[in-house]
Asker: 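Could you have a look at this structure, given as structure tokens, before my questions?
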Amino acid sequence: DVEAVAEEVPGVRPGGAVAVAETVDGSEALSLLVRTDPALPCAPVLWAVRDAVARGFGVDVASVLPLDRVPRTTSGKKRRGELRRRLLAGELAGAEGNTADLVRAELAAVLGRPITDQDLDQDLRELGASSLQAVDLLARLSDRLGFDADHRLLLRAENLRALARGLERHPPPQHSL
């Protein structure tokens with residue numbers, strides 16, 4: 001099954017994959033929630049899960065988000081319904097939340113000042129970043145995520161939250177663990 005294929009990916013914790021359905025653009029879509037090894041960069045593991053499921057089942061995966069833990073019933077079954085409800089309610093920031101925190105931390109280092117949650121709704125220019133600082137941010141993010149981030153993400157992202165989503169949802173042309 002989909003979860004078993006996801007759990008075979010290096011970096012996914014045993015029993016750490018949960019498949020849930022969500023509606024994307026009016027159609028039902030598959031999303032995966034994955035508990036990853038905290039010692040590894042999260043994004044490459046998530047993309048490897050997406051690739052493995054797509055190859056194994058010939059389906060597009062709407063999103064792959066990390067979980068800190070997989071909630072279980074008292075008998076040990078995964079609480080898929082609870083996770084689906086939380087996903088649809090927007091309660092699972094998952095990778096986006098982790099990446100937004102990473103974007104915030106790296107931009108703070110580049111600009112030399114704190115970046116707030118409210119700042120995530122602004123673009124780099126509104127925050128006073130120069131083009132050289134934007135390039136520095138992208139290089140720092142690439143180093144932290146373990147791949148070369150596409151510079152077009154900076155150009156397309158309307159704000160820092162969108163940049164974080166873009167980093168998580170659009171894999172680099174070639175990636176590996």
Side-chain angles (χ1 to χ4, degrees), residues 6 9 11-12 16-18 20 22-25 29-51 53 60-69 83-84 86-177:
V9 172
V12 176
V18 181
V20 296
E22 67 174 313
T23 302
V24 176
D25 297 328
L30 171 66
S31 290
L32 290 163
L33 308 172
V34 181
R35 186 167 180 230
T36 63
D37 182 341
L40 296 173
C42 186
V45 175
L46 299 179
W47 289 316
V49 166
R50 181 188 304 265
D51 290 346
V53 170
D60 289 328
V61 179
S63 62
V64 182
L65 301 173
L67 287 173
D68 291 333
R69 66 178 190 81
L83 288 171
R84 182 176 187 277
R86 290 179 58 204
L87 176 68
L88 296 176
E91 296 173 11
L92 294 176
E96 178 184 328
N98 295 338
T99 306
D101 290 342
L102 177 62
V103 168
R104 179 190 0 251
E106 293 304 324
L107 184 57
V110 167
L111 295 180
R113 65 177 177 82
I115 301 298
T116 67
D117 278 342
Q118 292 79 18
D119 290 336
L120 291 175
D121 294 321
Q122 298 181 31
D123 71 20
L124 288 172
R125 290 178 303 272
E126 293 171 326
L127 294 169
S130 69
S131 58
L132 290 176
Q133 288 171 317
V135 170
D136 187 23
L137 172 64
L138 196 61
R140 294 174 70 96
L141 290 169
S142 293
D143 286 345
R144 292 287 304 275
L145 292 169
F147 68 88
D148 290 330
D150 188 337
H151 70 279
R152 292 173 289 191
L153 289 173
L154 281 177
L155 300 173
R156 291 184 197 140
E158 67 270 10
N159 58 38
L160 296 177
R161 269 185 224 287
L163 174 60
R165 280 192 305 271
L167 287 167
E168 286 299 332
R169 296 185 185 267
H170 298 289
Q174 294 181 350
H175 54 276
S176 62
L177 294 176

Asker: How long is the gap from OG on Ser131 to CG on Asp136, to the nearest 0.5 Å?
Answerer: 11.5 Å

Asker: Where is the tightest heavy-atom contact between Arg104 and Ile115, given as atom of each residue plus distance?
Answerer: CD-O, 2.8 Å

Asker: What residues form a salt bridge (charged side-chain N to carboxylate O under 4.0 Å, His left out) with Asp60, not counting sequence neighbours?
Answerer: none

Asker: Measuring from Asp68:CG to Leu33:CG, what's the distance to the nearest 0.5 Å?
Answerer: 11.5 Å

Asker: Taking the side chain as every heavy atom from C-beta outward, state whether Val34 and Leu46 have any pair of such atoms under 4.5 Å apart.
Answerer: yes

Asker: Between Ser31 and Val61, what is the shortest heavy-atom contact and its length?
Answerer: CA-CG1, 4.4 Å

Asker: Using salt bridge (charged side-chain N to carboxylate O under 4.0 Å, His left out) as the criterion, list what pairs up with Asp123, not counting sequence neighbours.
Answerer: Arg125

Asker: Output all residues satisfying salt bridge (charged side-chain N to carboxylate O under 4.0 Å, His left out) with Arg140, sequence neighbours left out; order by chain, then residue number.
Answerer: Glu106

Asker: For Val103 versus Leu137, what's the shortest heavy-atom pair and its separation?
Answerer: O-CD1, 4.3 Å

Asker: Do you know the tightest heavy-atom contact between Val9 and Ala48?
Answerer: CG1-CB, 3.6 Å

Asker: Look only at the side chain of Arg35 and the backbone of Ala17, and say whether a donor-acceptor pair between them is shorter than 3.5 Å.
Answerer: no

Asker: For residues Val53 and Leu32, determine if any side-chain heavy atom of one lies less than 4.5 Å from a side-chain heavy atom of the other.
Answerer: yes

Asker: Do Leu67 and Leu83 touch side chain to side chain, with heavy atoms closer than 4.5 Å?
Answerer: yes

Asker: Leu163 and Leu120: side chain to side chain contact (heavy atoms under 4.5 Å, CB included), yes or no, with the steps?
Answerer: CA-CA 9 Å; Leu163 174 60; Leu120 291 175; over 6 Å; no

Asker: Which atom pair, heavy atoms only, marks the closest approach of Ala134 to Leu154?
Answerer: O-CD1, 3.5 Å

Asker: Kindly compute the distance separating CG (Leu160) from CG (Leu124), expressed to the nearest 0.5 Å.
Answerer: 5.5 Å

Asker: Could you check whether any side-chain heavy atom of Arg113 comes within less than 4.5 Å of a side-chain heavy atom of Asp119, counting everything from C-beta outward?
Answerer: yes

Asker: Would you say Gln133 and Leu111 make side-chain contact, with heavy atoms under 4.5 Å?
Answerer: yes

Asker: Closest heavy-atom contact between Ser63 and Arg50?
Answerer: CA-NH2, 4.0 Å

Asker: Do the side chain of Thr36 and the main chain of Gly11 share a donor and acceptor less than 3.5 angstrom apart?
Answerer: no

